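The structure displayed is predicted, hence computed values, not measured ones.
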Amino acid sequence: MGFEEYIAAREFLGTIGQPVITYILIISLFQGIFSILYLIKKNSRYYDYLIKCLYISTGLYLTGFLMLAWFHVQIYDTVLIEYPAALRQMIPVENSRIAAPLWIESEKLYFWAMCASIFAMTVTKRKDIMSFLGVILSIFSVVVYFFSNPFKDPLPIVNGEITQWYALLLSSDMRIFEIAGTLYGRITFYYNSTYMWTHPPMLFIAYASLIITFAACVYMLFKKDRLYDEIAYSYAKIGYILLTTGMLIGYPWAVEAWKDSAWWWDPKISGSIMMWVLYSAYLHSRIYVSKGKMWKTTAYLGIICFVSLIFTYLLTYIVPGIHSVVQP
């Protein structure tokens with residue numbers, strides 16, 4: 001097992017995965033069309049088609065996720081970072097394999113979309129909310145396919161690191177000592193970190209749950225039905241607990257990985273705290289939802305919270321920082 005086997009596995013993932021995500025896109029587009037038709041005509045036949053599309057697309061998402069899991073296992077089994085002899089006394093050998101989680105790089109939006117699709121299956125009895133979610137999920141699948149397709153170029157950053165490492169091993173380039181230290185830090189504090197296997201998935205599952213809250217809050221603006229508030233609150237509780245726990249887990253990880261750097265002022269962290277405060281305000285406001293104008297105030301807060309969630313996610317791509325893909 002070695003570099004050639006890794007490359008073969010990566011190519012194979014692209015070959016078998018691309019059709020799956022293409023089918024997800026097609027089925028999701030039909031799902032969006034049936035959702036809009038149901039919203040306009042209130043014909044149960046369209047809703048039945050919508051639900052069938054939801055089940056098929058969710059099944060395809062899970063199938064693709066299993067393919068990604070297989071690829072990650074192949075990375076762990078085939079890629080061995082053999083540090084130079086001069087560094088082995090300083091670099092523990094147990095950190096010589098990459099146990100990359102399934103929610104990094106282009107996979108994280110895929111994971112979020114998959115979780116959102118699973119959560120949507122829990123509200124199929126609410127035709128109004130589900131039909132609105134059908135449109136959201138359709139848009140989500142389009143974004144994943146065109147902007148975060150995990151099968152088109154699987155884990156480009158990880159692949160670049162692995163490819164560079166094996167290239168340096170075959171040369172006499174002295175940069176191998178510098179790259180070895182950098183790669184050791186990436187493996188120890190990022191890929192193989194226990195926090196990486198708990199912090200991000202908690203946040204993405206929370207985000208998926210809060211999509212339901214957002215949809216219910218939108219309907220609260222048009223109809224004063226207590227059931228909308230109950231649905232919004234039920235999923236907000238799940239999201240808020242996971243969001244809070246995930247953020248708390250992120251603190252010791254930041255201390256361990258970034259130590260004395262100014263990570264506290266990272267834009268993504270500031271945005272996350274702002275989002276958490278807004279969701280705290282939403283949960284407090286709904287206590288008084290039946291009083292005066294608090295019904296719509298609570299609904300607006302729930303919608304603003306979701307806007308802040310999207311903004312927080314996008315900060316990774318638009319503002320330089322420790323979490324960011326944008327260079328200062």
**Item:** Minimum side-chain heavy-atom gap I24-I56 below 4.5 Å
**Value:** no

**ring-ring contact (aromatic ring centres under 6.0 Å, His included) evaluation trace for W253 with F189** = CA-CA 8 Å; W253 186 18; F189 300 112; 9.8 Å; no

**Item:** Other residues, nucleotides, ligands: >12 heavy atoms within 6.0 Å of Y76 OH
**Value:** no

**Verdict with reasoning, M196 to W103, per side chain to side chain contact (heavy atoms under 4.5 Å, CB included)** = CA-CA 9 Å; M196 187 62 189; W103 31 80; 4.3 Å; yes

**Prompt:** Any donor and acceptor pair, going by atom type alone, linking the side chain of T213 with main-chain N or O of A232 inside 3.5 Å?
**Reply:** yes

**Item:** D225 side, atom CG; E230 side, atom CD - distance, nearest 0.5 Å
**Value:** 8.5 Å

**Request:** Could you tell me which non-hydrogen atom of Y195 sits nearest to which non-hydrogen atom of P200, and how far apart they are?
**Result:** O-CD, 3.5 Å

**Message:** Testing the 3.5 Å rule here: is there a donor-acceptor pair between the side chains of E161 and Y191?
**Reply:** yes

**Message:** Can you confirm whether Q74 sits close enough to L13 that some side-chain heavy atom of one is under 4.5 Å from a side-chain heavy atom of the other?
**Reply:** no

**Prompt:** Residues in salt bridge (Lys or Arg N to Asp or Glu O under 4.0 Å) with E105, at least two apart?
**Reply:** none

**Item:** Transitive ILVMFWY side-chain link Y279 to I241, under 4.5 Å
**Value:** no

**Request:** Provide the closest heavy-atom pair for H72 versus P101 in the form atom of the first, atom of the second, distance.
**Result:** CE1-O, 2.7 Å

**Asked** To the nearest 0.5 Å, what is the distance between CG (L183) and CZ (R186)?
**Response** 8.5 Å

**Euclidean distance, M67 CE relative to T15 OG1, rounded to 0.5 Å** = 11.0 Å

**Message:** Quick one: does any side-chain atom of E107 pair with a main-chain N or O of P150 as donor and acceptor, under 3.5 Å?
**Reply:** no

**Item:** Non-hydrogen side-chain atoms of Q18 and Y23 separated by less than 4.5 Å
**Value:** no

**Item:** Exam field: side chain N43 to backbone Y38, donor-acceptor pair closer than 3.5 Å
**Value:** no

**Message:** Quiz question: by atom type and distance under 3.5 Å, do the side chains of S280 and Y240 form a donor-acceptor pair?
**Reply:** yes

**Asked** Judged by atom type as modelled, is there a donor-acceptor pair below 3.5 Å linking the side chain of E5 to the main-chain atoms of G2?
**Response** yes

**Request:** Indicate the atoms forming the closest heavy-atom contact of I187 with R97, along with that distance.
**Result:** CG2-O, 3.6 Å

**Request:** State yes or no: do I16 and I21 share one hydrophobic cluster built from I, L, V, M, F, W and Y residues joined by side-chain heavy-atom distances below 4.5 Å, directly or via other members?
**Result:** yes

**Prompt:** Would F12 end up clustered with L66 when hydrophobic side chains under 4.5 Å apart are linked, directly or stepwise?
**Reply:** no

**Prompt:** Is Y47 reaching over with its side chain to a backbone N or O of T124, donor-acceptor style, under 3.5 angstrom?
**Reply:** yes

**Message:** What verdict does the side chain to side chain contact (heavy atoms under 4.5 Å, CB included) test give for Y233 and V289, after you've listed the backbone C-alpha separation in whole Å, the side-chain angles of each residue and the deciding distance to 0.1 Å?
**Reply:** CA-CA 11 Å; Y233 177 58; V289 71; over 6 Å; no

**Item:** D128/K42 salt bridge by N-O under 4.0 Å criterion
**Value:** no

**Message:** Contact between I303 and L221 at the side-chain level, heavy atoms closer than 4.5 Å - yes or no?
**Reply:** yes

**Prompt:** Nearest 0.5 Å, what's the NZ-OH distance between K293 and Y300?
**Reply:** 11.5 Å

**Request:** Quick one: which residue pairs count as a side-chain hydrogen bond (donor to acceptor under 3.5 Å, both in side chains) with a foot in residues 133-143, not counting sequence neighbours?
**Result:** S28-S141, Y61-S141

**Contact summary for L60 and Y110, nearest pair of heavy atoms** = O-OH, 3.7 Å

**Message:** Given 3.5 Å as the limit, does a donor-acceptor pair link the side chain of T312 with the main chain of G271, or not?
**Reply:** yes

**Prompt:** S131 side chain to S35 main-chain N or O, any donor-acceptor pair under 3.5 Å?
**Reply:** no

**Request:** Let me see the working for W165 and I179 under side chain to side chain contact (heavy atoms under 4.5 Å, CB included), right down to the final yes or no.
**Result:** CA-CA 8 Å; W165 177 256; I179 299 301; 4.2 Å; yes

**Message:** Once rounded to the nearest 0.5 Å, what's the spacing between atom CH2 of W197 and atom CE of M202?
**Reply:** 14.0 Å

**Item:** Shared hydrophobic cluster, Y251 / L248 (ILVMFWY, side-chain heavy atoms < 4.5 Å)
**Value:** no

**Asked** For the ring pair F306 and F214, is the centre-to-centre distance below 6.0 Å?
**Response** yes

**Request:** Check whether any side-chain N or O of H199 sits under 3.5 Å from a backbone N or O of I249 as a donor-acceptor pair, and report yes or no.
**Result:** no

**Message:** When you measure from the side chain of S209 to the backbone of I205, do you find a donor-acceptor pair of N or O atoms at a distance under 3.5 Å?
**Reply:** no

**Request:** State, with a plain yes or no, whether a side-chain heavy atom of V144 is found less than 4.5 Å away from one of N149.
**Result:** no

**Worked verdict on L109 versus W112 for side chain to side chain contact (heavy atoms under 4.5 Å, CB included)** = CA-CA 5 Å; L109 200 59; W112 181 7; 3.6 Å; yes

**Request:** State, to 0.1 Å, how close C305 and Y282 come at their nearest heavy-atom pair, and which atoms those are.
**Result:** SG-CB, 3.9 Å

**ring-ring contact (aromatic ring centres under 6.0 Å, His included) between Y49 and F34, intermediate numbers included** = CA-CA 7 Å; Y49 291 149; F34 290 133; 5.1 Å; yes

**Request:** Check whether any side-chain heavy atom of F140 lies under 4.5 Å from a side-chain heavy atom of I211, and answer yes or no.
**Result:** yes

**Request:** Verify salt bridge (Lys or Arg N to Asp or Glu O under 4.0 Å) between R10 and D153, making sure each step is shown before the conclusion.
**Result:** CA-CA 9 Å; R10 188 171 186 267; D153 182 18; 2.3 Å; yes

**Request:** Taking atom types as modelled, find out whether N159 and Y6 have a side-chain donor-acceptor pair closer than 3.5 angstrom.
**Result:** yes

**Request:** Mark yes when over 12 heavy atoms from residues, nucleotides or ligands other than F65 sit less than 6.0 Å from its CZ; otherwise mark no.
**Result:** yes

**Asked** Could you state the interatomic distance from OG1 (T58) to CE (M114), rounded to the nearest 0.5 Å?
**Response** 10.0 Å

**Asked** Side chains of M247 and I269: does their closest heavy-atom pair fall under 4.5 Å?
**Response** no

**Check: L155 and I162 side chains under 4.5 Å, non-hydrogen atoms** = no

**Asked** Is there a path of hydrophobic side-chain contacts, each under 4.5 Å between heavy atoms of I, L, V, M, F, W or Y residues, that connects I287 with L227?
**Response** no

**Item:** S117 (side chain) donor-acceptor with A113 (main chain) under 3.5 angstrom
**Value:** no

**Message:** Determine whether Y228 and W295 satisfy the following criterion, ring-ring contact (aromatic ring centres under 6.0 Å, His included), listing intermediate values before the conclusion.
**Reply:** CA-CA 11 Å; Y228 290 138; W295 177 270; 7.9 Å; no

**Nearest heavy atoms of Y235 and T122, plus distance in Å** = OH-OG1, 2.5 Å

